[in-house]
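Worksheet for the structure shown next.
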Amino acid sequence: MHAPSTRRILVTSALPYANGHIHLGHLVEYVQTDIFVRFQKLRGHHCIYLCADDTHGTAIMIRARAEGTTERELIATMREAHLADFAGFQIAFDHYGSTDSDANRRLCGEIWSRLRARGLVVSRDVQQLYDPQAGVFLADRFVKGTCPKCQAADQYGDSCEQCGAAYTPADLVDPVSTLSGARPEVRSAEHLFVTLEPLHDFLATWTRSSGAVDPRIANYLAGHFLCDPLRDWDVSRPAPYFGFEIPDAPGHYWYVWFDAPVGYLAATDEWCAARGDTVAAWWGRGGANEPPAEIHHFIGKDITYFHTLFWPAMLEAAELSLPTKVRIHGFLTVNGAKMSKSRGTFLLARTYLDQLDPGMLRYFYAAKLSGGIDDIDLNLDEFAAKVNADLVGKVVNLASRTARWLETTGLSARYPDDGGLFAQAAADGAEIAAAYEDCDFARAMRAIMLAADRANAYVDAEQPWKLAKAGPDASAKLQDVATVALNLFRQLAVYLAPVLPVLAEQAGRLMGGPIRSWEESQAPLVGLPVAAFEPLMKRVEKTQLEALLAASRAEAEKDARHKGATAMEPTPATSSATPPVTSAAQDSGEALAAEPLAPTCTIDDFAKIDLRVARILTAEEVPEAKKLLKLTVSLGGDATRTVFAGIKGFHEPTALVGRLVIVVANLAPRQMKFGLSEGMVVAASGAGAPGVYLLSPDSGALPGMRLH
RNA sequence: GGCAGCGUAGCUCAGUUGGUUAGAGCACCGGCUUCAUAAGCCGGGUGUCGCCGGUUCAAGUCCGGCCGCUGCUACCA
């Protein structure tokens, strides 16, 4: 063992945006960070975990308006919800701040002054679309219009989903504000920029050789940003904007991504203020008397360049410490696919907490996280199997099967011969600790479960249940065997304490008191009383998982109704997601549940849609398209239409020719990448089963007949 | 379309700087056990390491090209 630690470690997770609730995707990051922090604390290091709500920006402003409330009420409510969700998952922040705080305003100002002093702030006019009705400048996503390149309708302001063209909102044909429906006007406004090019060499060197950035990420940055002169970073927004007004530029506000990372500093400041510590002690570069603190940022891969380019640039300009490590993780998929509201796999934190034990998800994530940027998958069947086998079957069961024999006698006075089991697991501690340090929690969990296997094999070989029946002569031996088993259990609890703090507490209550140090894994306990055993963890039942998905779907429906949305997302016509397991004996309610009925419409509404019988004349593959077949249909006579239908992969083109189908005959033509689509072929699909099923009329129907 | 990542046993993955007959857990099958919240122990694996080609004495591991899957391409993780 080495001398007491002098490591001081400041750890952050990315700030969750105050515009939405915490879901299981967010939790990958917070659980990962929390495990790392708890591990460092258990090792005796001076480690603090800081985070905050990210509260500013257009989205918050718009949402507050829509809900008829103020921004500050909105973010206060959301903050409470976030804190409750984090507490539920045992995320133990040392301080949780807000970007809408005095400390943040002050620190933004200080950094701003440093940027100004170094001549890194420049001003330039920017052409931006303005919604005269709502009275706001429109961010790209709040403008829709026709793509200037391919004429596809209904495209966002920054790029076209049909042809992939990138442009600015001002290029859109017939732009419309999604806020008010008004036609936006192009206005010129002054914006302030941070020029990053003077820091180019610094960033190139830092990303490559500081060790803070994974080499793969450094490569990506080198190939995408650092190969050209760095573009100036637009850090201001004109009023109205929910955020901080820039002190030396009245009417201008710091862009949300400027003040968000400063939130790390502000959270530090608030934590320090309560303890007589100083931000400089953690973020300062000076102080030759003590080594600088380590700074670890945990982030998702989507915000990589903010944390590896902009943020280091700000810190460098302000002469503050740079991150020791930017630890980047991937995204969460559920059952092999992106979280989806219609499949019930868009799982909110509190929905999970209503059904299941948070420790189980913490363990599952730990078993999946290996420190890389790969996405991880939450397969619910695997989740149940893993948690039940590892935690319930191996770890908890070890105590459950032996503790009762020690309730009266307590642990043996001297640690018995266990064939070297405890010593072996103690020696494994170095490897397990190294895995935790690398954030390769999967490796740590594997090593811990191997120790659990050995412990269970020991119990099996010693057969304490036979000793218990053998009478008084065997009682000393029985006590010894149970003493070994419980010590091995406690050792596991120490190793798992960063992941399962509640299990660690339970183990402490059972015997030996609270687990406070990693070192407790190195020496067995003897001669102590053992408390009455209480069940530690229950198996995950399939019904709980079903309840989770059902609750989640109900949540999504409520949400959809609230927003008045008619369709939550495109039909997953070619989804490869595993279909939910349901009995085939009777029709499942799955499809209906997944896509609730649309609001009632009148017969007049229905009459607007002209559905006709049509005959498919030609059907051909569109080689470049993933989902589309190009069809020519006849409505009788010489009325024909070209229709692109999203049925590729489900229907053979040749088998379709001659077939009667139903088409929406009066649908506005839509310009698609591969040509103009003049209608829509009606087909059934749903979340309950994969596939797309064309509708056909009874025999006798003729092209051109209308559906009434 | 662009960008990124991944493709190793039915499933989830491990395979360190290329080096002996490619591993683990789960699932499955058989046996044992019954202390435990139906938990535990033992035994059982020839899998074109996605495909093709290249470098090498040697390639799951390096290089090139294909194919497939996933994610991103939103001021969200």
Side-chain angles (χ1 to χ4, degrees), chain A residues 13-30 54 56-60 139-142 150 156-166 216-217 219-220 223-224 237 243 255-258 260 298-304 306 329-333 336-339 367-368 370 372-377 379 381-386 388-390 392-394 396-405 440 442-443 445-446 449-450 453 455-469 478 481-482 485 533-539 576 624 626 673:
Chain A
S13 292
L15 314 187
Y17 199 47
N19 193 28
H21 287 288
I22 301 299
H23 55 63
L24 297 198
H26 292 102
L27 283 166
V28 171
E29 175 166 313
Y30 300 98
D54 181 16
H56 292 156
T58 310
I60 299 285
D140 294 353
R141 72 164 294 202
F142 293 114
C150 77
Y156 282 116
D158 53 351
S159 67
C160 172
E161 289 179 335
Q162 291 300 323
C163 73
R216 288 144 89 193
I217 300 296
N219 275 340
Y220 161 77
H224 287 80
R237 295 292 182 270
Y255 172 52
V256 58
W257 260 111
F258 181 86
F298 285 76
I299 61 166
K301 62 186 182 184
D302 56 324
I303 55 175
T304 295
F306 287 105
H329 61 80
F331 300 99
L332 180 73
T333 56
K338 185 176 166 177
M339 296 203 297
K368 286 278 176 181
S370 55
I373 58 173
D374 298 335
D375 293 348
I376 68 170
D377 184 46
N379 178 288
D381 290 334
E382 190 201 353
F383 168 79
K386 190 147 196 70
N388 289 340
D390 289 359
V392 181
K394 291 176 184 172
V396 163
N397 191 39
L398 188 58
S400 171
R401 65 195 303 207
T402 54
R404 68 199 201 99
W405 287 307
D440 190 348
R443 198 168 96 229
M445 295 308 108
R446 281 197 301 275
M449 287 309 138
L450 279 180
D453 284 339
N456 277 301
Y458 167 85
V459 174
D460 212 68
E462 296 297 332
Q463 301 183 307
W465 54 93
K466 286 194 177 164
L467 297 172
K469 289 173 185 162
L478 175 64
V481 170
F533 182 78
E534 291 168 18
L536 304 174
M537 199 178 283
K538 288 204 199 91
R539 290 174 66 81
S576 61
E624 315 93 285
K626 290 181 202 163
K673 184 181 176 186

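Chain letters run A, B, ... following the sequence lines, proteins first and then strands; every chain starts at 1. Because the structure is a prediction, the values reported are computed rather than measured. Atom set for the values below is all heavy atoms of this structure, side chains included, hydrogens, waters and symmetry mates excluded.
Rounded to whole Å, the distance from CG on A:Leu467 to P on B:A36 is 15 Å. Taking atom CG of A:Leu450 as the reference point, atom C1' of B:A14 lies 12 Å away to the nearest angstrom. Put simply, CD on A:Glu462 is 17 Å from C1' on B:U34, counting in whole angstrom units. Following rounding to the nearest Å, A:Asp440 (CG) and B:U16 (C1') show an atom-to-atom distance of 12 Å. In this structure, the CG atom of A:Asp54 is 12 Å from the C1' atom of B:A77, given to the nearest Å. The nearest whole Å value for the distance from the CG atom in A:Asp381 to the P atom in B:C11 is 14 Å. Separating the CG atom of A:Asn456 from the C1' atom of B:G25 is a distance of 15 Å, rounded to the nearest angstrom. As a whole-Å value, the separation of A:Lys368 NZ from B:C13 P is 4 Å.
Heavy atoms of A:Val256 sit under 4.0 angstrom from at least one base atom. Nucleic acid contact class of A:Leu24 (heavy atoms, under 4.0 Å, all strands): none. Residue A:Arg443 is classed as having no contact, given no heavy-atom separation below 4.0 Å to the nucleic acid. Residue contacts shown for A:Met537 include a base, since a base heavy atom lies under 4.0 Å away. When heavy atoms are screened at a 4.0 angstrom cut-off, A:Phe533 is found touching base atoms of the nucleic acid. Contact annotation for A:Pro535: base contact, defined as any heavy-atom pair under 4.0 Å involving a base atom. Backbone-only engagement by A:Gly393 is indicated by non-hydrogen atom pairs under 4.0 Å involving sugar-phosphate atoms exclusively. If you check every strand for non-hydrogen atoms under 4.0 Å, A:Asp302 touches a base.
Both key distances under 3.5 Å define a Watson-Crick or G-U pair, and stretches of 3 or more such consecutive pairs in RNA chain B run B:1-7 with B:67-73, B:10-13 with B:23-26, B:28-32 with B:40-44, B:50-54 with B:62-66.
Between the side chain of A:Tyr255 and the backbone N or O of A:Gly57, no donor-acceptor pair lies under 3.5 Å. Of the possible donor and acceptor atoms, none in the side chain of A:His329 sits under 3.5 Å from a partner among the backbone N and O of A:Lys301. With A:Glu29 contributing its side chain and A:Gly300 its backbone, the two residues share a donor-acceptor pair below 3.5 Å. In this structure, A:Asn456 contributes its side chain and A:Lys394 its backbone to a donor-acceptor pair below 3.5 Å. Panel note: side chain A:Tyr458, backbone A:Asp453; no donor-acceptor pair is recorded below 3.5 Å.
A:Trp465 has no side-chain polar atom (N or O) that falls below the 4.0 Å cut-off from OP1 or OP2 of B:A39. At B:A14, none of the side-chain N or O atoms of A:Arg446 fall inside 4.0 Å of OP1 or OP2 (strictly under the cut-off). Here A:Lys469 does not reach the OP1 or OP2 of B:U34: none of its side-chain N or O atoms lies under 4.0 Å away.
With B:A14, B:U37, B:C26 as the choices, the nucleotide that has an atom nearest any side-chain atom of A:Ser370 turns out to be B:A14. Closest contact between the side chain of A:Asn397 and the listed nucleotides B:A36, B:C75, B:G71 involves B:A36. The nucleotide whose nearest atom lies closest to any side-chain atom of A:Trp257 is, among B:U12, B:C26, B:C76, B:C76. The side chain of A:Arg539 has B:A39 as its nearest neighbour among B:C35, B:A39, B:C41. Distances from the side chain of A:Lys466 to the nucleotides B:C76, B:U34, B:G25 place B:U34 closest. With B:C72, B:C35, B:U37 as the candidates, the nucleotide lying closest to the side chain of A:Val392 is B:U37. Comparing B:U37, B:C76, B:G40 by their nearest atom to the side chain of A:Asp460 picks out B:G40. Closest approach to the A:Lys301 side chain among B:C75, B:G71, B:G25 is made by B:G71 (side chain taken as heavy atoms from C-beta onward). In this structure, of B:C41, B:A14, B:U12, it is B:U12 that holds the atom nearest to the side chain of A:Glu382.
Rounded to a whole angstrom, the distance from the C1' atom of B:U70 to that of B:U34 is 46 Å. Between B:C41 and B:C51, the two C1' atoms lie 43 Å apart (nearest whole Å). B:C67 and B:G40: their P atoms are spaced 46 Å apart (whole Å). Taking the C1' atom of each, B:G45 and B:A22 are spaced 12 Å apart, rounded to whole Å. Using P as the reference atom, B:A27 and B:U12 are 15 Å apart when rounded to the nearest Å. On the P atoms, B:G60 is 15 Å away from B:U8, given to the nearest whole Å. Taking atom P in both B:A24 and B:U46, the straight-line distance is 12 Å, to the nearest Å. With both ends at atom C1', the span from B:G15 to B:G54 equals 24 Å, rounded to whole Å.
Of the two residues near RNA chain B, A:Ile303 and A:Lys386, the one whose nearest nucleotide lies more 5' is A:Lys386. When the nearest nucleotides of RNA chain B are assigned to A:Trp405 and A:Asp453 by heavy-atom distance, the more 5′-ward of the two goes with A:Trp405.
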Any chance you could lay out the side chain to side chain contact (heavy atoms under 4.5 Å, CB included) test for A:Tyr17 and A:Ile60, step after step, and finish with the verdict?
CA-CA 9 Å; A:Tyr17 199 47; A:Ile60 299 285; 3.4 Å; yes
Intermediate values then yes/no, side chain to side chain contact (heavy atoms under 4.5 Å, CB included), A:Trp465 and A:Trp405:
CA-CA 9 Å; A:Trp465 54 93; A:Trp405 287 307; 4.3 Å; yes
Walk me through it: do A:Thr333 and A:Ile376 pass the test side chain to side chain contact (heavy atoms under 4.5 Å, CB included)?
CA-CA 6 Å; A:Thr333 56; A:Ile376 68 170; over 6 Å; no
So A:Asn379 and A:Lys386, side chain to side chain contact (heavy atoms under 4.5 Å, CB included) or not? Walk me through it.
CA-CA 10 Å; A:Asn379 178 288; A:Lys386 190 147 196 70; over 6 Å; no
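Within the model, atoms CG of A:Asn397 and CG of A:Leu536 stand 10.0 Å from one another, a figure rounded to the nearest 0.5 Å.
Of all non-hydrogen atoms in A:Tyr30 and A:Ala14, the two that sit nearest each other are OH-O, 2.6 Å.
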